[in-house]
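Source: prediction; values computed, not measured. Atoms within a ligand are numbered from 1 in the order they appear, just like the ligands themselves.
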Amino acid sequence: MTRQMKKIFEKLSHQKELLDNIISSIQEGLLLIDKKGVILLTNDSFRKISESQNIENKHYREVLVGIEFDDLINNVITRKKNLVREILLNNKTFLCSATFLHKNEEVVLLFHDITELKNIEKIKKDFVTNVSHELRTPLTAIKGFAETLEDEVDEKCRHYVDIIKINTDRLVRIVQDLLILSELEEKDTRLELENLNIVELIESVAKLFEEKIMAKKLNLKLNINKNTPTLRADSFKLEQLLINLIDNAVKYTETGEIKISVRQKGKYIILEIRDTGIGIPKKYLSRIFERFFVVDKSHSRKLGGTGLGLSIVKHIVQLHNGQINVKSASGAGSKFTVNLPIKPR
Ligand code: ADP
């Protein structure tokens, strides 16, 4: 029996040693806390990340200061769900994944350092913003002189001037959209929230398209519930969202109708823009919100598209804590649904 006990102890201590070695060799910072927030276990990487020693048995708040940690840990414990968040700690950015262990009601936190990635992302974004700014002035000059030239040249050369003008306009649109996108992507983009009457906004934006809709002999139907409550939103950005969605509906529809509807559903306003146009092939639906993604390059270009409109729309929706969905199929029209909280957090 003594021999057997000795064997079991040896096996157990070997297993513990193995586990300790694995935990301390993990590159990510690791932290195990109980449901009261007391630290039960940690590894070397976490001690380095948090710049603190001897932290076992302390409360996590003595080591991790910040409302984001409290929010993450509380959410995981109360909802008993796993969550992943980007969190700043000691001037570094971490992807922090929190896993709920149902058996002992404990939480495992893993800290993956993504500072380098974030820096590269920022350099890329800054580059796009700077290039767009730098291009704006020379483009305005080219556009101005092309317009002056138009009146001076003969019939044969006017054709070339027209091509310069069309392409300059396209470049101006791309630069404008890129600047809007980079502004929306700025970390501290703020919404100018006000009490917004979405019904009035839809009616006024729809008016801007009356001429284009008539020229294409399309039908515009507004299915608006006048009792839709006002919502806290940024009216300038929502106007931009509506313009982009309605403009697409008009651009990609040759016959039939465009239907805009708005209604309340619980704490949300549901906005729908539906058309009977060319639709979007199912295989592309997951990609249309990507920058510069267009289904048919030459078609989009001919219609003056930049491939940035829907990325802008998606950013605006996300800034308002809303969601956007699309239903469409090739040749079967498209339906864009935007859910906006009446009061964004
Ligand atoms: P674009 O400036 O080219 O219109 P968007 O970002 O607004 O760029 O849209 C991306 C692509 O999604 C478009 O090029 C088009 O292929 C497709 N798309 C967007 N809206 C519609 C629509 N209502 N009907 C059909 N296709 C659409």
Within ligand 1, which atoms have a heavy atom of [X] less than 4.0 Å away?
| X | answer |
| --- | --- |
| G309 | 5 (P), 6 (O), 7 (O) |
| G307 | 1 (P), 2 (O), 3 (O), 6 (O), 8 (O) |
| G305 | 1 (P), 2 (O), 3 (O) |

Out of S328, S334, G304, the nearest non-hydrogen contact to atom 22 (C) of ligand 1 is supplied by S334

Taking both backbone and side-chain atoms of [X], is any N or O found less than 3.5 Å from an N or O belonging to ligand 1?
| X | value |
| --- | --- |
| F293 | no |
| I278 | no |
| D296 | no |
| V295 | yes |
| S311 | no |

Tell me whether ligand 1 is touched by D275 - counting only heavy atoms on the residue side and a distance under 4.0 Å. yes

Could you tell me if any non-hydrogen atom of G277 lies under 4.0 Å from any atom of ligand 1? no

For [atom], what is the nearest protein heavy atom, given as residue, atom name and distance?
| atom | answer |
| --- | --- |
| atom 2 (O) of ligand 1 | T306 N, 2.8 Å |
| atom 7 (O) of ligand 1 | N248 ND2, 2.8 Å |
| atom 12 (O) of ligand 1 | I288 CG2, 3.7 Å |
| atom 6 (O) of ligand 1 | L310 N, 2.8 Å |
| atom 13 (C) of ligand 1 | Y252 OH, 3.4 Å |
| atom 3 (O) of ligand 1 | S300 OG, 2.7 Å |

Between [X] and ligand 1, which part of the residue brings a heavy atom under 4.0 Å of the ligand: side chain, backbone, both or neither?
| X | result |
| --- | --- |
| V313 | neither |
| K251 | side chain |
| Y284 | neither |
| I280 | side chain |

Could you tell me whether N91 atom CG has more than 12 heavy atoms of other residues or ligands within 6.0 Å of it? no

Step through the shown structure and confirm whether more than 12 heavy atoms of other residues, nucleotides or ligands are within 6.0 Å of CZ on F293. yes

Before you tell me yes or no, could you show the steps for K165 and E150 under salt bridge (charged side-chain N to carboxylate O under 4.0 Å, His left out), namely the whole-Å CA-CA distance, both residues' side-chain angles and the distance that decides it to 0.1 Å? CA-CA 9 Å; K165 265 182 59 191; E150 203 178 22; 3.2 Å; yes

Quick one: do [X] and [Y] make a salt bridge, cutoff under 4.0 Å?
| X | Y | value |
| --- | --- | --- |
| K122 | D126 | yes |
| K124 | E121 | no |
| K125 | E186 | no |
| R263 | E272 | yes |
| E155 | R158 | yes |

Do we see a donor-acceptor contact under 3.5 Å between the side chains of S298 and D296? yes

For the residue pair Y60 and L109, establish whether any side-chain heavy-atom pair is separated by less than 4.5 Å. no

Measure the acute angle between the ring planes of F289 and F336, then classify it against the limits of 30° and 60° as parallel, tilted or perpendicular. perpendicular

For F111 and F46, take the angle between the two ring planes, folded into 0 to 90°, and tell me which bin it lands in: parallel under 30, tilted 30 to 60, perpendicular over 60. tilted

With clusters defined by side-chain heavy atoms of hydrophobic residues (ILVMFWY) lying less than 4.5 Å apart, directly or transitively, does I312 cluster with L179? no

